[in-house]
Amino acid sequence: MDEPRIKVYGSAAEITVAANAAGLRDLAERLMGLADPELRDGYHEHLEGGINLEEGSVSLILARDEAL
């Protein structure tokens, strides 16, 4: 299987999250984890360019917010 590759980029008006199939599966697993009923409100994950996102990506925070 391919290595997950995810890139986040955009402007003040629009953000794009682009990924290969493995990257999309990785994001889906992260989002499913955030939806776990055992987790509390406020739980979040930071994704950073050059670490778990492609180099040059803007940072991305996935957050659980039960007030929404």
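Fair warning: this is a prediction, and the values are worked out from it, not measured in the lab.
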From [X] [atom1] over to [Y] [atom2], what is the distance, rounded to the nearest 0.5 angstrom?
X: His46; Y: Ile51; atom1: NE2; atom2: CD1; value: 11.5 Å
X: Met32; Y: Leu27; atom1: CE; atom2: CG; value: 13.5 Å
X: Asp26; Y: Leu31; atom1: CG; atom2: CG; value: 9.5 Å

Quick one: does [X]'s side chain get under 4.5 Å of [Y]'s, heavy atoms only?
X: Leu34; Y: Arg30; value: no
X: Ile6; Y: Asn52; value: no
X: His44; Y: Leu62; value: no

| task | For Leu47 and Ile61, run side chain to side chain contact (heavy atoms under 4.5 Å, CB included): C-alpha distance rounded to whole Å, both residues' side-chain angles, the deciding distance at 0.1 Å, then the answer. | result | CA-CA 6 Å; Leu47 297 121; Ile61 299 172; over 6 Å; no

| task | For Asp65 and Asp41, run side chain to side chain contact (heavy atoms under 4.5 Å, CB included): C-alpha distance rounded to whole Å, both residues' side-chain angles, the deciding distance at 0.1 Å, then the answer. | result | CA-CA 6 Å; Asp65 185 344; Asp41 185 39; 4.1 Å; yes

| field | Within one Ile-Leu-Val-Met-Phe-Trp-Tyr cluster: Val58 and Tyr9, side-chain cutoff 4.5 Å | value | no

| query | Do you reckon Leu24 sits in the same ILVMFWY cluster as Val17, going by side-chain contacts under 4.5 Å, direct or chained? | reply | no

| query | Got a salt bridge between Glu3 and Arg5, using NZ or NE/NH1/NH2 to carboxylate O under 4.0 Å? | reply | no

| query | Ignoring hydrogens and geometry, is there a side-chain-to-backbone donor-acceptor pair from Thr16 to Ala18 under 3.5 Å? | reply | no

| Counting N and O atoms only, with roles assigned by atom type, does the side chain of Arg64 sit under 3.5 Å from a partner on the main chain of Asp36, one being a donor and the other an acceptor? | yes

| said: More than 12 heavy atoms of other residues, nucleotides or ligands under 6.0 Å from CD of Glu14: yes or no? | reply: no

| request: Indicate the atoms forming the closest heavy-atom contact of Ala19 with Gly23, along with that distance. | output: CB-C, 3.9 Å

| task | Taking all heavy atoms of Ser57 and all of Lys7, pick out the closest pair and write down the distance. | result | OG-CA, 3.2 Å

| field | Glu55: side-chain contact (heavy atoms from CB on, under 4.5 Å) partners, not counting sequence neighbours | value | none

